[in-house]
Each structure stands twice: as structure tokens, then as C-alpha cells.
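All heavy atoms count here, side chains included; hydrogens, waters and symmetry mates do not. Not measured: the values here are computed from a predicted model.
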2 protein chains.
Amino acid sequence: MTVRVLLADDEHLIRGALAALLSLEDDLMVVAEAASGPEALAMARAHEPDVAVLDLQMPGADGVKVATSLRAELPGCQVLIVTSHGRPGHLKRALAAGVRGFVPKTVSAQRLAEIIRTVHAGNRYVDPELAADAISAGDSPLTAREAEVLELAADGAPVAEIAERAALSQGTVRNYLSSAVSKLGVENRHAAVRLARERGWV
Amino acid sequence: MTVRVLLADDEHLIRGALAALLSLEDDLMVVAEAASGPEALAMARAHEPDVAVLDLQMPGADGVKVATSLRAELPGCQVLIVTSHGRPGHLKRALAAGVRGFVPKTVSAQRLAEIIRTVHAGNRYVDPELAADAISAGDSPLTAREAEVLELAADGAPVAEIAERAALSQGTVRNYLSSAVSKLGVENRHAAVRLARERGWV
DNA sequence: CACTGCACATGACAAATGTCAGAAGGCCTC
DNA sequence: GAGGCCTTCTGACATTTGTCATGTGCAGTG
């Protein structure tokens, strides 16, 4: 019984190479490839794969978003996320979206093939190191608004702009920013943004 | 006549897949693989490849640094850089370091194989799109100090800290920051940092 | 040699930001 | 229903920035 696989990654080089390698496995068959989030969805609808191997960062819609949609449209399709930069928060989001596997690109193709089988069998697989990171990073100490404001502050926008975009008063924005900064124990909001990014909290 | 290739990329999955694909070509032989900058150098010394295919972002030392060292130690080895995120400035730095080829990971393995041959033959190859970006991005308008200060400002450090680390007075730091901001035509230093990053000027 | 551009500085002012106290309404929980 | 936490606001204050004018010294260039 062969496992029908959908491969989505925006880097042609990697996608092609991966497809070739996975095809060497007798029980795996790459039935579709995609280079963007929306394309991955379309391909999934057209080919109904057993397992979707998605890159976390893709143009259009990221792996987690695609996974969420897939979950709703093709419940029989298991999702496995592959990523280069494993931020702890992403793992949490991915798991919440019903993703069954989460691995860094540092694994070998051999291992990936095994993991695809694991996931296809209905089991979960999370890279132990990423899992450890996620646990040690813990939950976000930020409230919903704090995170929202921090996100709007991400591109260096002044408070006035953040306030406008969030439909809040400037004072409120500064308060949220201030409390986020103190919760994260950093110097200023820009460092806060970076830290929250690293931890995957925004 | 076969081309002896060194492959360096920190992502095992990609490296392995690439090695497999390139090995399908009759005239290419992957003689060594590395997962970090220093390792790439060591492997190059040991195996003296004809062409080194380096990922731009690797732990230890990035592709351009490795290229610089290789240039000095193994003049016969041509360097080809492969990257996911092609920032215009990187291309310039790479070319200055004597790199013969620069391509994004969105090319196919087929194309990559051709480009390896091109580079091995002593010719240069730069992805047209990246080249266009680099040209349109132009040269950095920043002076050496401005760039230096901007870099120190990158992690959201306050002026006082930047001043200390650069051994400058706070006023001077603010002046540099201010002139960088106005040269880049952005709102504040944080946006300046982001823009300079994007353009590869820092 | 005068001119230009860069490095570096000071001082002063305006604007943005960070911090704090306080206060009101909403929601949840014991 | 009292207490706790979140959201939202205001006002006041200290600190940090951004901006500008202005100065010196040094290197390179026509």
C-alpha cells in the first residue's frame, strides 16, 4: 500500500530534490507539488493526498494556515510540517491546527520518509529538540492585546500609528507596550518585539 | 571529465537531497558535504573540490566568509553560492569575495547542474532576477560609520549602549542615526535598520 | 591651495517614548 | 457578591529620541 504525498515548498531546488528522494522509497509516491500556500491547497483538493508535507514559510499562506484549511476540507489527509527555523511558538500553533508532525529540515531524507509513514499511520511525531525548546520557552505571558500591539509595533511604527491601527488611544498603546516590555524583562519595545518573535509569541 | 563538487548546507534534508540529485548527472560527483562554515573549509582542504556549492546562511561562518577563505587557500576551486533569501547586498559582497555564481534556491536541480558546469568552466553566473534587484537597490548611501552605528542599533539597543560599544559620544551616535534615517527616507532608526537589512547594506 | 566630504564633537530644543498612579466596566470564579 | 484579571482610558512625569546649528580636524581631489 503506497502513501500518496503532497509536497509544498517554495524552493524549487529543495522540493524537486525531496520529491526525487522520497520517490526512491517503494511505499511513498509524490502525487503533487506546490510552491505556495494557496497552490498547496488547490493541489490537495485535486489530488487528495494521504499526507501533506508543508514548509512552514511559504508565500501566500504559511504552513499552519494551510494545515487549518486542509483539516476542514480533507480530514483524511494528515499534515506534516517541515521547517528551517523552528520557533517554539510555531510548534504550538501547528499542533493546535491539527498538524500531526513537526520536523526541522536538519533531519535526513531517510528519517523524513519514516516520519511520513508514522504520520500516515495516524501517529504524531514532533522533533524532540523542537519539543524541548517549546517547553522551555513556555507559554506567552502576554495578553491578547499586548501581543496585538506588539505585533503592530514590529515594523518600527510610532505609537501614534499603532494607536490608529489598533483603534486605541495612544496612552493605552503605551501602557500595553510598557507592560509587555516589563513582562519580557527587556530594555524597550524593539527588543520586546524581537524576543516575542524568537519565541514565536507573535 | 567529472566535476568534483563540495556541498555545504546546514539542512541535512536539503543537502542530502541535493547530493542525490546532482549525483544523477554523469559528469558531477559530490565528493564532500558539510553542515557549517568551518566544516566546509575543512572538507574543502581535505578534498580539494573543483566547485564548492555553499549555502549563504550557515552556522559558524556564512557562505561569503567561507568563499573568501577558499579563494586564498584553493584558487582552483570555484565557488557557487545558493541562497533562500537573496538580499541585494549579499550578491555584491559575494561577488567582491570572488564568488563565481549566485543563485536562489528556487531554481531546479537541472538548472543548478548546468550552472555548476558553467562555473566550473570559469564563467560567471548570477541569477538575472537577483542581479536586477541588486542594480535597482543600488549602492549603499551610508558612510562606514553610519552603517556601523546602524548595525549596533539593530537589536533595539538604546543610544547609550550603542555609544559605548562604538566608543563614540551619544550625540555623535544620534547624529549618525539621524543622517542614516534621513538618507534612507524612513521614519525612525528601527525602520532604517530594517530597510538596510533588506537591502543587504548592513 | 581651496573645496568637499567624512569623522567626531557639543549644546539646545522639540517630539516621542517609558513609567506610574488611578479609575471604570466586563468577565470569570470561588 | 467579592475579589481578581483584562481592557481601556486619562493625566503627569522623567527619560530617550530626533533634529538642528555649529565647530574642529583630516583626507582626497581638482
Side-chain angles (χ1 to χ4, degrees), chain A residues 89 92-93 96 137-202, chain B residues 89 92-93 96 137-202:
Chain A
K92 204 157 292 182
R93 275 202 308 139
D139 267 336
S140 171
L142 305 175
T143 68
R145 288 292 164 196
E146 283 163 2
E148 188 189 333
V149 168
L150 207 50
E151 202 163 359
L152 288 171
D155 48 0
V159 172
E161 195 181 318
I162 301 172
E164 198 186 348
R165 291 214 275 166
L168 291 176
S169 87
Q170 301 199 9
T172 306
V173 168
R174 289 196 289 173
N175 285 340
Y176 282 146
L177 249 17
S178 188
S179 83
V181 164
S182 81
K183 277 180 182 175
L184 300 184
V186 291
E187 282 296 306
N188 55 41
R189 59 166 140 161
H190 304 288
V193 166
R194 283 200 324 135
L195 184 63
R197 272 270 156 78
E198 250 169 48
R199 300 263 223 266
W201 291 335
V202 296
Chain B
K92 205 158 294 183
R93 274 202 308 138
D139 267 335
S140 170
L142 305 175
T143 68
R145 289 292 164 195
E146 283 162 1
E148 189 190 331
V149 169
L150 207 51
E151 202 162 359
L152 288 171
D155 49 359
V159 171
E161 193 181 319
I162 302 171
E164 197 186 349
R165 291 214 275 167
L168 291 175
S169 87
Q170 301 197 10
T172 307
V173 168
R174 291 197 294 189
N175 284 341
Y176 283 145
L177 249 18
S178 189
S179 83
V181 164
S182 81
K183 277 179 181 176
L184 300 184
V186 290
E187 283 295 307
N188 55 39
R189 58 164 140 165
H190 305 286
V193 166
R194 283 199 324 133
L195 184 62
R197 272 271 157 79
E198 250 169 49
R199 300 264 223 265
W201 290 335
V202 295

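Listed nucleotides: dC9(D), dG18(D), dA7(C). Nearest to the side chain of Arg174(B): dG18(D). Between dT7(D), dC9(D), dT19(D), one nucleotide has an atom nearer to the side chain of Arg145(A) than all others, and that is dT7(D). Residue Asn175(B) places its side chain closer to dA21(D) than to any other of dT7(D), dA21(D), dT8(D). With distances taken from any side-chain atom of Tyr176(A) to the nucleotides dT19(C), dT7(D), dT10(D), the minimum falls on dT7(D).
Taking 3.5 Å as the limit, the base of dT17(D) and the side chain of Asn188(A) contain no donor-acceptor pair of atoms between them.
In this model, the phosphate group of dA9(C) is approached by a side-chain N or O of Thr172(B) to a distance below 4.0 Å at OP1 or OP2. Between Ser182(B) and dT19(D) there is no side-chain N or O to OP1 or OP2 distance below 4.0 Å. When the side-chain nitrogen and oxygen atoms of Thr143(B) are compared with OP1 and OP2 of dA7(C), one or more of them lie within a distance under 4.0 Å.
When the C1' atom of dT17(C) is taken as reference, atom CD1 of Ile162(A) falls 11 Å away, rounded to whole Å. Put simply, CD on Glu187(A) is 15 Å from C1' on dT17(D), counting in whole angstrom units. In this structure, Leu184(A) atom CG and dT19(C) atom C1' are separated by 16 Å, rounded to whole Å. Taking atom CD of Gln170(B) as the reference point, atom C1' of dA12(C) lies 15 Å away to the nearest angstrom. The nearest whole Å value for the distance from the CG atom in Leu177(A) to the P atom in dT19(C) is 10 Å. Protein atom CD of Glu148(A) is 14 Å distant from nucleotide atom C1' of dC6(D), rounded to whole Å. Rounded to whole angstrom, the span from the CD atom of Glu146(A) across to the P atom of dC5(D) amounts to 14 Å.
Distance alone, capped at 3.5 Å, is enough to place a donor-acceptor pair between the Asn188(B) side chain and the Ala191(B) backbone.
Between Trp201(B) atom CH2 and Leu195(B) atom CG the span is 6.0 Å, to the nearest 0.5 Å. Atom CG in Leu142(B) sits 6.0 Å away from atom NZ in Lys183(B) (nearest 0.5 Å).
Residue Ala160(B) is out of contact with every strand shown, counting any heavy-atom pair closer than 4.0 Å.
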(message) Could you go through Thr172(A) and Ser169(A), starting from their C-alpha distance and side-chain angles, then the distance that decides it, and tell me whether this counts as side-chain hydrogen bond (donor to acceptor under 3.5 Å, both in side chains)?
(response) CA-CA 5 Å; Thr172(A) 306; Ser169(A) 87; 3.0 Å; yes
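Taking 4.5 Å as the limit, every side-chain heavy atom of Glu151(A) sits out of range of all side-chain heavy atoms of Glu148(A).
Where Lys183(A) and Ala167(A) each meet DNA chain D at their nearest nucleotide, the meeting point lying more 5' is that of Lys183(A).
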